[in-house]
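A short write-up of the structure that comes next.
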Amino acid sequence: MPESYLPKGFLWGFATASYQIEGAPHEDGRADSIWDVHCRIPGKIADGSSGDVACDSYHRTAEDIALLKQCGAKAYRFSLSWSRMIPLGGRNDPVNEKGIQHYVKFVDDLHAAGIEPMITLFHWDLPDGLQKRYGGMLNKDEFVKDFENYARVCFMAFGAKVKYWITFNEPWCSSILGFSTGLFAPGRTSDRSKSAEGDSSTEPWIAGHSFLIAHGAAVKAYRDDFKAKDGGQIGITLNGDWTEPWDPNDPADVEAATRKLEFAISWFGDPIYFGKYPDSMRKQLGNRLPEFTPEEIALVKGSNDFYGMNHYCANYIKHKETEPEPNDFVGNLEILMVNKAGDIIGPETQSLWLRPYPLGFRKLIKWLSDRYGGPTFYVTENGTSLKGENDLPLDQLLEDDFRCEYFRGYIGALADAHAIDGVDVRGYMAWSLLDNFEWAEGYETRFGVTFVDYAGDQKRYPKKSAKVIGSIFDQYIKKE
Ligand code: PNW
C-alpha cells in the first residue's frame with residue numbers, strides 16, 4: 001500500500017460523450033446537432049470524417065457495459081444527445097419518447113450491471129434546430145429557457161435513477177473553440193472582428209455567459225423540484241491545464257501563469273463560487289465581457305454541489321509585453337512546451353496540446369481547492385493519446401504502456417493531493433472507455449483503453465491500460 005491513498009468508496013470509471021461514440025445519427029427520430037452540420041463542412045475535420053458511425057455505441061450498449069464490467073469500473077460518465085430526446089431542441093418542440101426510452105434502458109442496464117451512471121446533459125452537441133432558430137448560445141434568454149426545459153425533461157425521465165448530474169462539459173471549449181477559433185461547432189471565428197458584421201471578438205464571452213446562466217437555471221430546477229426526492233448531486237465540468245511560469249524568477253511570468261488559469265478556469269469557476277468574473281479578465285476584456293444582473297448572480301453563485309474537473313496536461317507560460325489583441329482569449333501570454341532553462345514540460349502525444357505532467361494535476365487540484373474553499377471534486381476526465389498509436393500493428397497497439405504510465409502518474413498524483421494536501425476528491429473517470437471520434441482530429445487520435453476497429457465492424461479490443469487501471473485504484477483506495 002503506497003503512503004498516499006484515495007478515500008473508501010471512491011467512485012472510479014470511464015467517460016465518453018454521445019456524439020463521439022453513438023453513431024445512428026438519424027435513428028429513432030434523432031435530428032441533427034451542430035456537430036453533424038459542422039462535420040459536413042469540408043476541411044473542418046482532419047480526416048474528413050464525422051460521428052455518423054463512430055463506435056456504433058447506440059447499437060452496442062450491452063457490449064460497452066460488458067467492457068466496463070470487465071475493467072472493474074464502478075461508474076460510467078456518458079452524455080445524452082439532446083436532439084435524440086427533443087429533436088428540434090426547444091421548449092415548445094415535441095419530445096421524442098423513443099430517444100428517452102433508449103437512455104432509460106441504458107441507465108437500467110448500467111444499474112443491473114452494478115455500475116453507477118453519471119450523466120452529462122450537454123457535451124457540445126446542441127440541437128441544430130436551436131442554432132438555426134436563434135443562434136444557440138448567442139441568444140442567452142432563449143438558450144437558457146430551452147436548456148432548463150431540456151434539463152427538466154431529463155430529470156423527470158431519469159432523476160430517480162441517477163445520482164450524479166453534470167450540466168455542461170467544458171464550456172471553455174464550446175465558447176472559445178466554437179466562437180473564436182472556429183475549430184469546433186458551430187465554427188464561428190473571431191477574425192471578422194473588424195468587418196461589417198461587427199465585433200465578433202465578443203461572441204465567446206457572450207456564449208460563456210449563456211452557459212453560466214443556463215447552468216444556474218438547470219441547477220435551480222433540480223434543487224427546487226427533484227433533489228429532495230431523488231437525492232442526487234449536480235455540478236458543472238470545467239477543463240483546465242496546469243501552468244508553470246516560463247521563467248520562475250520573472251514576476252511577470254509568474255503572474256501570467258496565474259492569469260492563464262483565470263482565463264481558462266476561473267472564467268466559469270469564479271462566477272459559480274464568488275458571483276463575479278476574475279479581475280484579470282475584466283481588466284483585459286472590459287465591457288466585451290458581459291455583466292451579471294443581480295438575478296443572474298443569484299442563479300449562478302453557489303450553483304455547484306460538486307466541482308467536475310477535466311484535466312490532461314500542463315504548459316509553460318510566458319508573459320507578452322505587447323498590448324493584447326482583441327481576439328486574445330488566453331490572457332495575453334505565450335503557451336510553451338519548453339521553459340527558459342530548456343526543460344520540456346512532458347513527452348509528446350498524438351494531441352499537439354497534450355503533454356503529460358502528473359505533478360501539475362496535484363498542483364492544480366490544490367490550487368482549485370484553495371481558491372474555492374475546499375469543494376468536493378469529481379475528476380470527470382483524465383487520459384492521454386499516444387504519438388503514432390493509430391499507425392501501429394494491432395498487437396503493439398494493445399500494449400499501451402505509455403497510457404498505463406500516464407494513469408499511474410496521474411492517479412498517484414491525485415492520491416497525493418487527497419492524502420497529503422487534504423483535497424476532497426471522491427471520484428475519477430478516465431477518458432475514455434473507447435477510442436472514439438476525437439472532434440476536429442477525427443479518428444486518427446485515440447484516447448481509449450479499448451481499441452475500436454473502425455475498419456472491422458467496430459469490434460472492440462481492450463488494451464493493456466484497460467486491465468491495469470483497476471489495479472492502480474486497488475492499490476490506492478482505502479478498504480476501511
Ligand atoms: C476534452 N484543447 O476535450 C473533451 O471533453 C473530450 O470530449 C475530448 O475527447 C477529450 O478532452 C480529449 O481531447 C478537449 O484543445 C479538447 O485544449 C480539446 C482541448 C481540451 C480538451
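Starting from 1, each residue takes its place in the sequence as its number. Counting starts at 1 for both ligands and their atoms, in listed order.
Ring planes of Phe211 and Phe143: perpendicular class, angle over 60° (limits at 30 and 60°).
Distances below 4.0 Å separate heavy atoms of Trp124 from the following atoms of ligand 1: 3 (O), 4 (C). For ligand 1, the atoms sitting less than 4.0 Å from at least one non-hydrogen atom of Asn169 are 5 (O), numbered in the order shown with element in parentheses. Close approach to Phe447 involves these atoms of ligand 1, each under 4.0 Å from a residue heavy atom: 12 (C), 13 (O). Per-residue contacts place His123 under 4.0 angstrom from the following atoms of ligand 1 (heavy atoms of the residue considered): 4 (C), 5 (O), 6 (C), 7 (O).
Using a 4.0 Å cut-off between a side-chain N of Lys or Arg and a carboxylate O of Asp or Glu, Lys132 and Asp128 qualify as a salt bridge. Salt bridge Glu262/Arg259: absent, no basic N to carboxylate O contact under 4.0 Å. Salt bridge status for Arg362 with Asp416: present, with a side-chain N to carboxylate O gap under 4.0 Å.
Among all non-hydrogen protein atoms, the one lying nearest atom 20 (C) of ligand 1 is Trp353 CH2, 3.8 Å. Ranking the protein heavy atoms by distance from atom 12 (C) of ligand 1 puts Glu438 OE2, 3.3 Å first.
In terms of heavy atoms, Pro375 sits closest to Tyr273 at CB-OH, 3.8 Å.
When each of Tyr372, Phe10, Trp367, Tyr307 is paired with Phe377, the ring-ring contact (aromatic ring centres under 6.0 Å, His included) condition holds for Tyr307 and for no other.
Nearest-residue assignment for atom 11 (O) of ligand 1 (options Trp431, Tyr312, Trp439; heavy-atom criterion): Tyr312. The option from His311, Glu381, Glu170 that lies nearest to atom 14 (C) of ligand 1, judged by heavy atoms, is Glu170.
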